[in-house]
Amino acid sequence: MRKTRLLIFSFLTVLIQFNNSGNLFAQIPKLPTKWTAEAMRSAAPFPEYPRPQLVRDAWKSLNGKWDYIGGKEKLSALNPKIPIDFNGHAEQILVPYCPESVLSGIERKQEINLWYRRKFDIPKDWNGKNILLNFEAVDYQATVFVNGKKAGSHSGGYNAFSFDITTLLRTGDNEIIVAAYDPNDGRMPSGKNGPRGDYTYSSGIWQSVWLEPVSKDYIKNIRLLPDLANNRLQITVNAPAAVITAVALDGKKVVSQAESNAGKTFYLPMANARLWSPEDPFLYDLKITLKAANGKTTDEVVSYFGMRDVKLGKVADVVRPLLNGKFVMQVGLLDQGYWPDGILTAPTDEALKFDVEFTKKAGFNLIRKHMKTEPKRFYYWADKMGILLWQDMPAIWYQHEDTATVRTAFRKEMKAMMDEHYNSPSIIAWVPFNENWGAFDVPEITDWVKKYDPSRLVNGNSGFNNNPGYQKAAGDPGNGDFVDTHIYVGPYGASKPDKNRAASLGEYGGVGLFVRGHMWPVENNAYAYEPSSERLTERYVLMMNQIEQLMKYKGLSVSVYTQTTDVEHEVNGLLTYDRAIEKMDVKRVSEINRIIIEEGKKLNR
């Protein structure tokens, strides 16, 4: 308790200093993390370049203090024709933290209409360039004005978008106004961030905003597909007709290079490639150059890739997922990515990295990213550290109402999610639906996802044996790559493989431990409880011994324990919600996890 009191005292001191200097923060964090104070002090949070697989040297972050007007009674932010008048009405918010979070500086509840304003200038050495305004995520309907004129609009709270604002700019000061409309009514993809979700709502700008200069002809995006069978990397570059050069590097050493016309798929030879895996997460650097017909370079981006493949195959006559041709038992954590200070947004990049690092330290080789997406740097850390990822699609909640609209939005946003994170070697499976939440046309959507991205596995309805009480169960789709059940506490009762699909225990565990001074100030709960860290550790080891039996004798290939951290009222994490306390003996957890993974490898013999 003394440590907790000292932490609270230090935050009070910081907040008093902030208020005396005119800073926007007046709130005291309900449950601070060790990164909260740093985030509050930051003039420009997340200074790292936000897009690690499409990097340009020149860019300018717009994270930091923005003017803000929000509330149900404010001018509607749903597809407005003109921006709101900010004169004399604005307060300040710290972007990219949502207004519901303490890190935003205002800590509100369900504003619905959210208006942001930021002044900026263009660096002189960007003269003659086209200027892109990039948003990594805004929840949910965003309309962007530059100098009073509409730059564009976007729908979807979990995917990135950008606008070329060159023609709207003027010399000297410029102004961006963002209107964000988010009713949080469950009629669009929202995951846990919705009316039937369990946790605090969030809305508005919740990931990074930045500017970057490009030539008139530039690389819009790239698509990378490792092809181990043919010892090559498949590359597609979305750019105007021009010559593309791709160079793969191992450090400074050129490994391979190839040239092609933009817009056409081509291949980079990768003989004797070093394969990416959790044990050896080796990444090649990739430099892609766009040249005009006269040979002049018009754009150059830096990226990376990992050579790996994933598919189903039979091991001792049991259908199992194979990584690089071998069965690897997937021992994972359900990771919801919530924070007591930033809600859906980690307080810093170091905090974002911490959760991946802890997962690796605890001996897990899989994260199921549950019901949300993350900033691209999260996937970079997973790629770099060697963690397999299952990526969930955030659920809609009222899929039977206004079906032409909500179901169309779900399909559109699922495609956008897959496109946006396609190049990440750590992502090995897509999960369209969870426990029948918002489920519709499950077999058809499962098939579509598999056809759209045949390079990954698809778990059509994870935990199809569970069902929310407000709707009829969609149940087992009968297709996809997994037979997946959720068993709490489990693990016995887990699904078994069939002739076409591997068996996955998509969620189990959920055993809680109360840690005084490190819980969210609500009634806390779990599926079951243990009285001490020692007892909780023993129970986890027991469950993993049972998992081993299921793996060896019942064909189980994946286990996902609930969960990485406590989340608001849930106290069933390996870590407390503030990430301050390891609730189990992590050394013992790591030992048993690694034993099970090694035992799984023996099945390949």
Side-chain angles (χ1 to χ4, degrees), residues 11 24-33 35-36 39-40 45 68 70-72 93-114 116 137-140 157-158 180-207 334-348 351-352 355 369-375 378 392 394-397 434 437-438 468 512 518-526 562-573 575-580:
F11 271 99
L24 72 165
F25 287 96
Q27 287 76 26
I28 297 174
K30 296 184 187 74
L31 185 63
T33 70
W35 304 278
T36 305
M40 285 180 162
Y68 176 78
K72 296 180 177 69
I93 189 170
L94 188 61
V95 168
Y97 306 111
C98 68
E100 294 83 358
S101 72
V102 69
L103 292 181
S104 71
I106 61 175
E107 202 171 9
R108 299 289 166 72
K109 289 184 179 178
Q110 199 171 4
E111 299 275 75
I112 296 182
N113 300 300
L114 307 93
Y116 301 79
V138 180
D139 197 6
Y140 176 79
Y158 292 92
Y181 178 78
D182 187 16
N184 261 316
D185 60 4
R187 288 166 174 80
M188 291 295 155
S190 54
K192 294 292 185 75
N193 177 31
R196 290 186 179 273
D198 294 329
Y199 318 124
T200 302
Y201 289 162
S202 63
S203 52
I205 299 173
W206 68 281
Q207 292 186 24
L334 190 78
D335 188 331
Q336 305 209 57
Y338 272 76
W339 297 82
D341 46 12
I343 307 180
L344 282 187
T345 307
T348 67
L352 195 68
D355 279 6
K369 179 47 64 177
H370 189 44
M371 304 297 281
K372 69 169 287 197
T373 61
E374 294 284 0
F378 173 88
D392 286 14
I396 49 177
W397 294 94
N434 175 74
W437 298 356
H518 296 275
M519 297 186 292
W520 196 244
V522 295
E523 182 183 359
N524 292 267
N525 53 55
T562 302
Q563 57 188 326
T564 309
T565 73
D566 293 350
V567 181
E568 298 203 0
H569 63 86
E570 298 174 1
V571 289
N572 50 13
L575 293 166
T576 53
Y577 194 22
D578 57 6
R579 277 75 167 171

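Fair warning: this is a prediction, and the values are worked out from it, not measured in the lab.
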Can you find a heavy atom in the side chain of I343 that is under 4.5 Å from one in the side chain of S101?
-> yes
Pairwise distance CD(Q207) to CG(D139) - rounded to 0.5 angstrom = 10.0 Å
Got a donor-acceptor contact below 3.5 angstrom from the Y181 side chain to the L114 backbone?
-> no
Counterpart residues, ring pair (Phe, Tyr, Trp, His ring centres under 6.0 Å), relative to Y140 (two or more places apart) = none
To the nearest 0.5 Å, what is the distance between CD (E570) and CG (N525)?
-> 7.0 Å
For the residue pair Y199 and E568, what are the closest heavy atoms and their distance?
-> CA-OE1, 3.5 Å
Just how far is it from atom OG1 of T33 to atom CH2 of W339, taken to the nearest 0.5 Å?
-> 6.5 Å
Atom pair CG/CE of L103 and M40 - distance to nearest 0.5 Å | 5.5 Å
To the nearest 0.5 angstrom, please state how far the CE atom of M519 sits from the NE2 atom of H569.
-> 14.0 Å
Set of residues satisfying side chain to side chain donor-acceptor pair (under 3.5 Å) with respect to D392, sequence neighbours excluded = R368, H370
Distance-minimising heavy-atom pair for T345 and P96 = OG1-O, 3.8 Å
Going by distance alone, is a donor N or O of one side chain under 3.5 Å from an acceptor N or O of the other, for S203 and E111?
-> no
What pair of heavy atoms forms the shortest contact from I28 to V102, and how long is it?
-> C-CG2, 4.3 Å
Audit row: Y116, I93, side-chain contact (heavy atoms from CB on, under 4.5 Å) steps and yes/no = CA-CA 8 Å; Y116 301 79; I93 189 170; 3.9 Å; yes
Considering non-hydrogen atoms only, spot the tightest contact between A39 and P347 and give its length.
-> CB-O, 3.6 Å
CH2 of W437 to CE of M371, rounded to nearest 0.5 Å, is 5.0 Å
What residues, two or more places apart in sequence or in another chain, satisfy side chain to side chain donor-acceptor pair (under 3.5 Å) together with Q110?
-> none
Output yes when a side-chain donor or acceptor of K372 lies under 3.5 Å from a complementary backbone atom of G337, and no otherwise.
-> yes
Using the test side chain to side chain donor-acceptor pair (under 3.5 Å), find all partners of T576 that sit at least two apart in sequence or belong to another chain.
-> D578
Measure across Y158 and P189 and return the closest heavy-atom pair with its distance rounded to 0.1 Å.
-> CE1-O, 3.7 Å
Of all the heavy-atom pairs spanning T373 and W206, show the shortest one and how long it is.
-> O-CH2, 3.6 Å
Residues 98-107 vs salt bridge (Lys or Arg N to Asp or Glu O under 4.0 Å), sequence neighbours excluded, gives K30-E107
Would you mind reporting whether P32 and D341 have side-chain heavy atoms less than 4.5 Å apart?
-> no
Side chains of N572 and T562: is there a donor and an acceptor less than 3.5 Å apart?
-> no
For L352 and W35, run side-chain contact (heavy atoms from CB on, under 4.5 Å): C-alpha distance rounded to whole Å, both residues' side-chain angles, the deciding distance at 0.1 Å, then the answer.
-> CA-CA 10 Å; L352 195 68; W35 304 278; over 6 Å; no
Would you sort out whether D355 and R579 count as a side-chain contact (heavy atoms from CB on, under 4.5 Å), showing the intermediate values?
-> CA-CA 9 Å; D355 279 6; R579 277 75 167 171; 2.7 Å; yes
Can you find a pair of side-chain heavy atoms, one from L344 and one from C98, that are under 4.5 Å apart?
-> no
Could you tell me which residues satisfy side chain to side chain donor-acceptor pair (under 3.5 Å) with Y338, sequence neighbours excluded, listed by chain and number?
-> none
T564 (side chain) donor-acceptor with G573 (main chain) under 3.5 angstrom = no
